[in-house]
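This report refers to the structure that appears directly beneath it.
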Amino acid sequence: MPVKIRLQRHGKKGKPFYWVVAADVRAKRDGKFLEKLGIYNPNTNPATIELDVDSSVKWLQNGAQPTDTAKAILSYRGVLLKHHLLGGVRKGALTEEQAEEKFNAWVAEKEAAIADKVGGLDKAKAEVRAAALKAEKEVNDKRAAEAAAAALPETPEGESAEEEVEAVEAAGEPEQATEAPAEDDKA
């Protein structure tokens with residue numbers, strides 16, 4: 001029975017979620033499978049991939065052929081590297097400890113790269129948020145300045161605001177002087 005390592009689609013429309021499975025090639029895409037090897041969620045950034053490395057290597061050693069997408073996923077998580085290293089152990093080129101050491105070093109390096117990517121994405125989000133906040137602050141300052149300008153009395157063209165203020169003050173003083181005697185006359 002020929003076996004393929006392939007993706008089985010789950011999730012709702014527009015939000016795919018996949019299981020990585022070992023299945024008979026004659027089975028439907030989302031039908032029967034022999035073993036669930038892991039999950040793949042392309043909706044997150046970076047994509048979430050969880051695999052059982054040992055089971056995947058076991059299926060590869062037994063002759064299972066991965067599809068193109070499944071091969072890329074297996075390579076991303078190091079399954080193909082471990083399969084390659086175990087081939088070297090069978091041939092006598094490496095010891096089991098050396099192969100495990102090389103695999104663990106590769107996994108640590110890969111996880112560091114993924115962590116750097118996540119950190120870069122978080123930093124980019126923070127920069128975008130800061131730029132949006134700065135732009136919003138500028139717009140609010142501009143609106144406040146426009147509101148303050150609208151609250152000031154308008155000056156006729158050709159006059160400055162200082163001349164108008166002086167004219168109002170000068171006009172206000174004589175009125176007070178004339179009003180005060182008028183009040184005395186009435187009393």
Side-chain angles (χ1 to χ4, degrees), residues 1-140:
M1 158 177 73
V3 176
K4 285 245 184 223
I5 296 176
R6 63 183 181 201
L7 300 181
Q8 192 176 67
R9 192 181 197 283
H10 294 275
K12 62 183 185 178
K13 183 166 60 170
K15 300 276 188 184
F17 183 85
Y18 299 96
W19 288 358
V20 180
V21 297
D24 185 359
V25 294
R26 296 168 291 191
K28 295 179 183 178
R29 178 192 72 175
D30 299 337
K32 288 184 181 180
F33 58 90
L34 302 170
E35 184 179 355
K36 180 180 173 183
L37 303 174
I39 62 166
Y40 167 58
N41 184 0
N43 298 318
T44 60
N45 190 9
T48 305
I49 300 173
E50 295 176 14
L51 279 176
D52 183 359
V53 176
D54 296 327
S55 294
S56 301
V57 169
K58 180 191 75 156
W59 279 106
L60 288 173
Q61 287 175 341
N62 289 335
Q65 295 296 315
T67 61
D68 292 338
T69 306
K71 189 173 187 176
I73 291 170
L74 295 175
S75 176
Y76 184 81
R77 296 307 291 174
V79 173
L80 296 180
L81 175 66
K82 189 165 187 173
H83 177 64
H84 175 74
L85 291 172
L86 291 177
V89 169
R90 279 194 309 273
K91 291 179 181 176
L94 298 169
T95 64
E96 185 123 5
E97 294 80 26
Q98 289 173 332
E100 198 63 35
E101 182 180 316
K102 284 185 177 186
F103 178 72
N104 290 335
W106 182 88
V107 168
E109 183 180 317
K110 184 70 170 183
E111 287 179 0
I114 292 171
D116 287 345
K117 181 178 180 180
V118 170
L121 291 172
D122 291 342
K123 184 178 178 184
K125 279 184 187 177
E127 289 174 357
V128 167
R129 194 174 300 131
L133 187 62
K134 182 180 177 185
E136 185 176 338
K137 187 175 192 281
E138 289 174 1
V139 168
N140 286 342

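Not measured: the values here are computed from a predicted model. The chain is numbered in sequence order, starting from 1.
With hydrogens and angles ignored, the 3.5 Å screen pairs a side-chain donor or acceptor of N43 with a backbone N or O of P16. Not a single donor-acceptor pair under 3.5 Å links the side chain of S75 to the backbone N or O of K71.
Within the 4.5 Å cutoff, side-chain heavy atoms of L80 are placed close to those of L60. The shortest side-chain heavy-atom distance between L37 and L74 does not fall under the 4.5 Å cut-off. Counting heavy atoms from C-beta on, the side chains of L133 and K137 never come closer than 4.5 Å. Between K110 and I114 there is a side-chain heavy-atom pair separated by less than 4.5 Å. Looking only at side-chain heavy atoms (C-beta outward), L121 and P46 come within less than 4.5 Å of each other.
Residue-environment remark: CD (Q98) exceeds the threshold of 12 foreign heavy atoms within 6.0 Å. The neighbour count for D68 CG, taken as heavy atoms of other residues, nucleotides or ligands under 6.0 Å away, does not exceed 12.
T67 contributes atom OG1, which lies 10.5 Å from atom CD of Q65 (distance to the nearest 0.5 angstrom). Distance check, rounded to the nearest 0.5 Å: NZ of K15 to CG of N41 gives 9.5 Å. Note that the CD atom of E100 and the CG atom of L94 stand 11.5 Å from one another [nearest 0.5 Å]. Here CZ of R90 is found 5.0 Å from CD of Q61. Values are rounded to the nearest 0.5 Å. For the atom pair T48 OG1 and Y18 OH, the distance stands at 14.0 Å (nearest 0.5 Å). For the atom pair CD1 of I5 and CH2 of W59, the computed distance is 8.5 Å after rounding to the nearest 0.5 Å.
Heavy atoms only, all atoms of each residue included: R9 and D30 are closest at N-OD1, 3.0 Å. The nearest pair of heavy atoms linking A27 to K32 is CB-O, 3.5 Å. Here the closest non-hydrogen pair linking D24 and R6 is O-NH2, 3.4 Å. Nearest heavy-atom pair across V25 and V3 is CG1-C, 4.4 Å. Taking each heavy atom of F103 and G78 in turn, the nearest pair found is CE1-O, 3.2 Å. Between I49 and R77, the closest heavy-atom pair is CG2-CG, 3.4 Å.
D54 has a carboxylate O that lies under 4.0 Å from a charged side-chain N of K82, or vice versa, which qualifies the two as a salt bridge.
Below 30°, between 30° and 60°, or above 60°: for F33 and W19 the angle between ring planes is above 60°, a perpendicular geometry.
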List the steps, then state whether side-chain contact (heavy atoms from CB on, under 4.5 Å) holds for N140 with E136. CA-CA 6 Å; N140 286 342; E136 185 176 338; 4.1 Å; yes
Go through it in stages, so that I can follow the logic: the residues are L51 and Y76, the test is side-chain contact (heavy atoms from CB on, under 4.5 Å), and I'd like the CA-CA distance, side-chain angles, deciding distance and then a yes or no. CA-CA 10 Å; L51 279 176; Y76 184 81; over 6 Å; no
